[in-house]
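Note sheet for the following structure.
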Amino acid sequence: DASATALTNSKGITLLGGATFVANNNQDWKEKQFVVYDNGSDNSATYQGNLTATNSNLYFIARGDNTNPLLKVINNGTGNNGNVNIAGSNYNIGLTGDKILDIGSKLTLIEADGTINADNLEPGSGIKVGSTIKQDITTNVEVSVDDSGSKEKLIATVSGALATDEASA
């Protein structure tokens with residue numbers, strides 16, 4: 001619960017699946033690192049308040065078979081409606097599980113009670129594949145805002161072919 005203090009000196013934040021972060025009304029993650037890691041579960045991480053992370057580096061790390069959004073941004077009841085502003089940021093997506101996503105597969109990165117501004121959102125340089133991440137799919141996805149339902153969502157759709165385990169010798 002950081003509702004009483006803005007974390008201005010922070011380099012960024014990492015939210016784990018199942019955890020809730022209560023933001024200060026003036027919290028701003030501009031030009032910082034913002035990481036959402038499902039922690040091997042299908043539970044969403046929750047950000048309570050407005051999420052402002054413009055010109056930031058966004059990292060989404062998931063098992064790949066997630067049915068829930070990786071991050072839910074919700075209304076905090078004090079004037080912050082659960083809006084998301086990640087304009088000008090870079091996104092990076094990595095899979096930790098053994099699941100390989102097929103072309104057309106979708107992964108919901110963010111679900112917001114309010115609106116999502118993802119103008120000029122661009123792929124980042126990727127996630128280092130190491131002992132915990134099996135596959136970096138940053139360059140093989142298209143990320144778009146879906147505002148057709150009751151909540152706006154930022155969805156990653158696999159758009160290109162992915163290398164198989166056999167292909168990496």
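None of the values given here were measured: they were computed from a predicted structure. FYI, the numbering just counts along the sequence from 1.
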Worksheet item: Do Ser89 and Phe34 come within less than 4.5 Å of each other through their side chains, counting heavy atoms only?
Response: no

Discussion item. side-chain hydrogen bond (donor to acceptor under 3.5 Å, both in side chains) for Lys106 and Thr157? Distances and angles first, verdict last.
Written reply: CA-CA 4 Å; Lys106 296 182 181 301; Thr157 304; 3.1 Å; yes

Practice prompt. Please confirm whether the backbone N or O of Ser125 pairs with a side-chain atom of Asn92, one donor and one acceptor, at under 3.5 Å?
Written response: yes

Worksheet entry | Lys72 side chain vs Ile110 backbone, donor-acceptor pair below 3.5 Å | no

Worksheet item: Distance from Phe21 atom CZ to Leu15 atom CG, nearest 0.5 Å?
Response: 7.0 Å

Item to complete: Compare all side-chain heavy atoms of Leu107 with those of Phe60 and state whether any distance is below 4.5 angstrom.
Response: no

Fill in: Interatomic distance, Ile155 atom CD1 to Glu142 atom CD [nearest 0.5 angstrom]
12.5 Å

Worksheet item: Can you check whether Ile61 reaches Thr96 side chain to side chain, under 4.5 Å on heavy atoms?
Response: yes

Fill in: Point-to-point distance, once rounded to the nearest 0.5 Å, from CG of Asp1 to CD of Gln48
8.0 Å

Item to complete: Find the distance between NZ (Lys11) and NZ (Lys32) and round it off to the nearest 0.5 Å.
Response: 8.5 Å

Discussion item. Strictly distance-based, threshold 3.5 Å: is any side-chain N or O of Asn43 a donor or acceptor partner for the main-chain N or O of Gly18?
Written reply: no

Discussion item. Return the NZ to CG distance between Lys153 and Leu109, rounded to the nearest 0.5 Å.
Written reply: 12.0 Å

Discussion item. Looking at Ser3 and Ala23, would you say the former's side chain and the latter's main chain have a donor-acceptor pair under 3.5 Å?
Written reply: no

Worksheet item: Donor-acceptor pair, Asn39 side chain versus Ser41 backbone, under 3.5 Å?
Response: no

Fill in: Donor-acceptor pair, side chain of Asp113 and main chain of Asn75, under 3.5 angstrom
yes

Worksheet item: Any side-chain heavy-atom pair from Ile93 and Val141 closer than 4.5 angstrom?
Response: yes

Worksheet item: Would you find a donor on one side and an acceptor on the other, under 3.5 Å apart, between the side chain of Asn85 and the backbone of Ala87?
Response: yes

Item to complete: May I ask you to decide if Asp42's main-chain N or O and Asn68's side chain share a donor-acceptor pair within less than 3.5 Å?
Response: yes

Item to complete: Would you indicate whether the side-chain heavy atoms of Leu7 and Gln27 approach each other to under 4.5 Å?
Response: yes

Fill in: Of Leu58, Thr54, Asn55, the residue whose pairing with Ile86 passes side chain to side chain contact (heavy atoms under 4.5 Å, CB included)
Leu58

Item to complete: Give, for atom CG of Asn117 and atom CG of Leu121, the distance between the pair rounded to the nearest 0.5 Å.
Response: 9.5 Å

Practice prompt. For residues Arg63 and Leu95, determine if any side-chain heavy atom of one lies less than 4.5 Å from a side-chain heavy atom of the other.
Written response: no

Discussion item. Tell me whether Asp136 contacts the main-chain N or O of Thr138 through its side chain, where contact means a donor paired with an acceptor under 3.5 Å.
Written reply: yes

Worksheet entry | Side-chain heavy-atom pair Leu71, Leu51 within 4.5 angstrom cut-off | yes

Item to complete: Flag the pair Trp29 / Thr52 as yes when at least one side-chain heavy-atom distance between them is below 4.5 Å, and no otherwise.
Response: no

Practice prompt. Verify, without hydrogens or angle tests, whether Asn50 (side chain) and Asn81 (backbone) share a donor-acceptor contact under 3.5 angstrom.
Written response: yes

